[in-house]
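Sequence positions, counted from 1, serve as the residue numbers for this chain.
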Amino acid sequence: MAANGSNAASKVPNSGGAKQSGPSAEQVVATFQRMRQEQRSMSSKAAELEMESNEHSLVIDTLKDVDPSRKCFRLVGGVLVERTVKEVLPALQTNKEQIAKIIESLNGKMQDKGRELTEYRERYNIRLVGEGEGDAQGQPPTSSKDAGDAGGNHKSAAGVLVS
């Protein structure tokens with residue numbers, strides 16, 4: 001029984017050792033692509049909000065010179081509502097300020113995501129297709145050839161190429 005216990009104990013570290021080798025190349029690429037997609041969606045949302053802010057600015061500039069008691073119409077949740085300029089103008093200004101805060105927040109998150117992407121690229125030696133093949137990044141392919149010659153094809157030091 002003692003021998004069985006030692007065999008079982010020796011199997012546990014081996015299975016734990018396999019987990020320490022890290023994710024497969026496909027998992028690394030999938031995670032990297034997901035992170036890039038998140039950054040792109042944040043960027044497109046920020047651009048959309050920037051356009052909305054510009055529209056608010058145009059309407060605010062137009063309404064500043066109009067008589068405050070004049071009637072105007074505002075689209076609220078798909079319903080056109082009749083209000084006066086003095087009621088609509090402060091609401092538009094408040095909305096524009098809130099949009100600016102959201103844009104600022106999104107830009108900060110995009111920068112954080114960019115740093116995270118850079119760290120991830122460096123950690124797993126990810127190279128994008130067509131990216132500086134003659135630069136200092138030329139060293140990892142040589143090390144991957146050495147790792148391949150030594151029979152270490154499973155190592156993550158070989159790097160990952162992403163299109």
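Nearest approach of Val28 to Pro23, heavy atoms of both residues: CG2-CG, 3.7 Å. The two atoms that bring Ala46 and Asn107 nearest to each other are CB-OD1, 4.2 Å, heavy atoms only. The nearest pair of heavy atoms linking Val85 to Leu63 is CG1-O, 3.8 Å.
Exactly one of Lys109, Lys113, Gln33 qualifies for a side chain to side chain donor-acceptor pair (under 3.5 Å) with Glu38. That residue is Lys113.
Summarising the local packing, CD of Glu104 is surrounded by 12 or fewer heavy atoms from other residues, nucleotides or ligands at distances under 6.0 Å.
Side chain of Ser53 to backbone of Leu49: no donor-acceptor contact under 3.5 angstrom is found. A donor-acceptor distance shorter than 3.5 angstrom exists from the side chain of Glu87 to the backbone of Thr84, with no hydrogens or angles considered. Ser43 places no side-chain N or O within donor-acceptor distance of the main-chain N or O of Gln39, the cut-off being under 3.5 Å. Between the side chain of Thr31 and the backbone N or O of Gln27 there is at least one donor-acceptor pair closer than 3.5 Å.
If you chain together hydrophobic residues whose side chains sit under 4.5 Å apart, Leu89 and Val81 never meet in one group.
Remark: Glu97 CD to Ile102 CD1 distance equals 12.0 Å, nearest 0.5 Å. Here Met42 contributes atom CE and Gln37 contributes atom CD; the two are 10.5 Å apart, rounded to the nearest 0.5 Å. Rounded to the nearest 0.5 angstrom, Ile99 CD1 and Met51 CE are separated by 12.0 Å. Annotation: the span from Met110 atom CE to Leu117 atom CG amounts to 12.5 Å, rounded to 0.5 Å. Once rounded to the nearest 0.5 Å, the distance linking OG of Ser41 with CG of Leu106 reads 9.0 Å. Atom CG of Asn95 and atom CD1 of Ile60 lie 8.5 Å apart (nearest 0.5 Å).
Side-chain contact between Arg83 and Phe73 is absent, with no heavy-atom pair separated by less than 4.5 Å. Looking at heavy atoms from C-beta onward, Arg36 lies in side-chain contact with Phe32 at the 4.5 angstrom threshold.
Listed by first then second residue, pairs satisfying side chain to side chain donor-acceptor pair (under 3.5 Å) with a partner in residues 61-78 read Asp67-Ser69, not counting sequence neighbours.
The side chain to side chain donor-acceptor pair (under 3.5 Å) check on Glu26 picks up Ser24, with sequence neighbours excluded.
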